[in-house]
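Single-structure report; data block below.
All figures in this text were calculated on a predicted structure; none of them were measured in a lab. Computed from heavy atoms alone, side chains included, the values below leave out hydrogens, waters and symmetry copies.
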2 protein chains.
Amino acid sequence: MDRKQEILLAANKSFSLFGYKATTMEQIAKIANVGKGTIYNFFENKEVLFQEIVLRMIEEMKQEALNVIIEEAPFQQNAHAALMKMLEFRETHQLYAKIIDEETQWKTPAVKQVIGQVEQAIVSFIGEKINKYVQKGEIRQVNEELVAYLLLKAYVGFVNDWNLTHDDSLTEEEIANFFQDTIFRSLAI
Amino acid sequence: MDRKQEILLAANKSFSLFGYKATTMEQIAKIANVGKGTIYNFFENKEVLFQEIVLRMIEEMKQEALNVIIEEAPFQQNAHAALMKMLEFRETHQLYAKIIDEETQWKTPAVKQVIGQVEQAIVSFIGEKINKYVQKGEIRQVNEELVAYLLLKAYVGFVNDWNLTHDDSLTEEEIANFFQDTIFRSLAI
DNA sequence: AAATGACCGAATGGACATATCGGTCATACA
DNA sequence: TGTATGACCGATATGTCCATTCGGTCATTT
C-alpha cells in the first residue's frame, strides 16, 4: 500500500487510542513502518496531519450521506435516512469530539482554525442540501446556514453532550425521530 | 445590607472580572468588607459559593422570563417574548459560559455536578412551560425534556459558540426570529 | 452566637535542570 | 535524480526543588 495511506492509518489509530498530545510523530512512523522524516514528505506538520485525518473523515461522512439520499425521495425521508446513517458512526464522532476538545483546551490559533474548518465543511455541506430542497420547492425558504448550524449543534448536543449529564445515551431512533418531529418538520411547506 | 448578600455581590464581581481560579476567598472577603472566615459561615466552600451564584442567576432569569409571559397569550408570542428577554442578558450568559468553561478544563467531579445542576434547572424550567402548553392543547405532544434540551443547546450555540467561528454576532432579532421560524414553529399543532 | 484573622496543610507557581518531541537536513539508497 | 531516513537541533514539555499562596479551620474576640 502507498506510504501516505499507511501514515494516515497509523496516525488515525494512534490519535484515536492516545489522543493528540500523547501521540508522537515517531510513534506514528513506527506503526506506519516508515521513517519519521517520511511523514514530513506528505504532511507539513503534526497539526496538518491531524487536520487531514479529520477532513477526510468528513469527506467519508459526506459520501455515506450521499449514498443513502435518493434523488427522487421527499426531503423528510432523505433527511431521516442521512441522519440515521450519521448515527451509525456516533461513537467515532464522539471520539473525535473528545480529541478536538483535548486540543481546544490549549488555545492556540491553529486549533481554532481546525475547528472552524470542520464546522464550515459540515455546515456548508448540509446548507447545500437544504438549499437544494428549498429550490425544489419541497421546503420553506429559510436561512440555510442557520438551519445547518442548528442541525450540527443539535447533533453534537444529543450525541455527545447529552452523555455528560445523563446516564444513558439516547438511541439512534429516539434522536432521529425527534429531529424528524421538530427541526425537519418545521421546514415543511 | 446583610453580609450574605454582600458576599454574593463581591464574589459575583470578582468571578466575572477574574474568572474562577484567579478569584481568591480573601479577595472576595476584602471586597465584601468581611473577614475570610465569615464567608464560611454562609457557604461551605468556594465551589458551593460559585454554584450558589450561578443558581441564583438562573432564578433571576426564570423570573425575568415569567415577567414577560402573559397567561392568556398564545405560545408563539410568549416563547418569542421570553427568548427576547433572555437575549437581553446574552453578554452575561456568555461571561458565565466562559467561567464555567474555564472550570471545566480542570475536570473535577464537582465541576461536572455544577454543570449538571445548571443544565437540569434550565431544562426542567423550560420543560414545565412546554408541558403547560401541551396540556392547554396549544402545541403538539412532544417529549418536553428533549425539546427543552434542544432549545438550551441551540441558545448556547447561537449566543456563545457562533462567535468562535464567526466575526460578527447574530442580532437578537435574527436569533429570535430563527427560533420562531424553526423550533417554535415545529411545535404548533 | 456570630465574626474574625492567625494558623495549617495542601496546592500552586517560579526557577532550573533534564528529557522529550516536532521538525530539519545531510546522507544513503533506489 | 528524487525519495526515504534517522541522527541531530532547538524548542517545548516534564520533573524537582522550594517558597509562596490559598482554601479551609478554629481558638479567640466582640
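- No more than 12 heavy atoms of other residues, nucleotides or ligands sit less than 6.0 Å from atom NZ of B/K13.
- For the pair B/F43 CZ and D/dT25 P, the computed distance is 15 Å after rounding to whole Å.
- If you take CD of B/E26 and P of D/dG23, they are 8 Å apart, rounded to a whole angstrom.
- Side-chain contact check for B/S186 and A/S186: no donor-acceptor pair (N or O, by modelled atom type) lies under 3.5 Å.
- Taking each heavy atom of A/L83 and A/I175 in turn, the nearest pair found is CD2-O, 4.4 Å.
- Residues in residues 112-134 of chain A take part in these salt bridge (Lys or Arg N to Asp or Glu O under 4.0 Å) pairs, two or more places apart or across chains: A/E71-A/K132.
- One can place CD1 of B/I7 at 14 Å from P of D/dG24, the figure rounded to the nearest angstrom.
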Given B/E47 and B/Y20, is the side chain to side chain donor-acceptor pair (under 3.5 Å) satisfied, shown in steps?
CA-CA 9 Å; B/E47 193 72 37; B/Y20 183 81; 3.1 Å; yes

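- In summary, the aromatic rings of A/F15 and A/Y96 are positioned with their centroids too far apart to meet the 6.0 Å limit.
- Residues meeting the ring pair (Phe, Tyr, Trp, His ring centres under 6.0 Å) test with B/Y40, sequence neighbours left out: none.
- Between the NZ atom of A/K46 and the P atom of C/dT20 there is a distance of 15 Å, given to the nearest Å.
- Residue pairs meeting the salt bridge (Lys or Arg N to Asp or Glu O under 4.0 Å) criterion with at least one member in residues 143-169 of chain A, sequence neighbours excluded, are A/K153-B/D161, A/D161-B/K153.
- Going from atom NZ of A/K30 over to atom P of D/dA4 covers 20 Å, rounded to whole Å.
- For the segment residues 18-25 of chain A, residues with any heavy atom less than 4.0 angstrom from an atom of DNA chain D are, sorted by number, A/K21.
- Atom-to-atom, CG of B/L49 to C1' of D/dG24 comes out at 13 Å; the value is rounded to the nearest Å.
- Under the ring pair (Phe, Tyr, Trp, His ring centres under 6.0 Å) criterion, A/H80 pairs with no residue at all, not counting sequence neighbours.
- Rounded to a whole Å, the CG atom of A/N45 is 17 Å from the P atom of D/dA11.
- One interatomic measurement links the two molecules: OH of A/Y40 to C1' of D/dG6, which rounds to 13 Å at whole-angstrom precision.
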Summary of protein contacts for nucleotides 3-9 of chain C, nucleotide by nucleotide, where a base hit scores B, a sugar-phosphate-only hit scores S (4.0 Å, heavy atoms):
BBB----

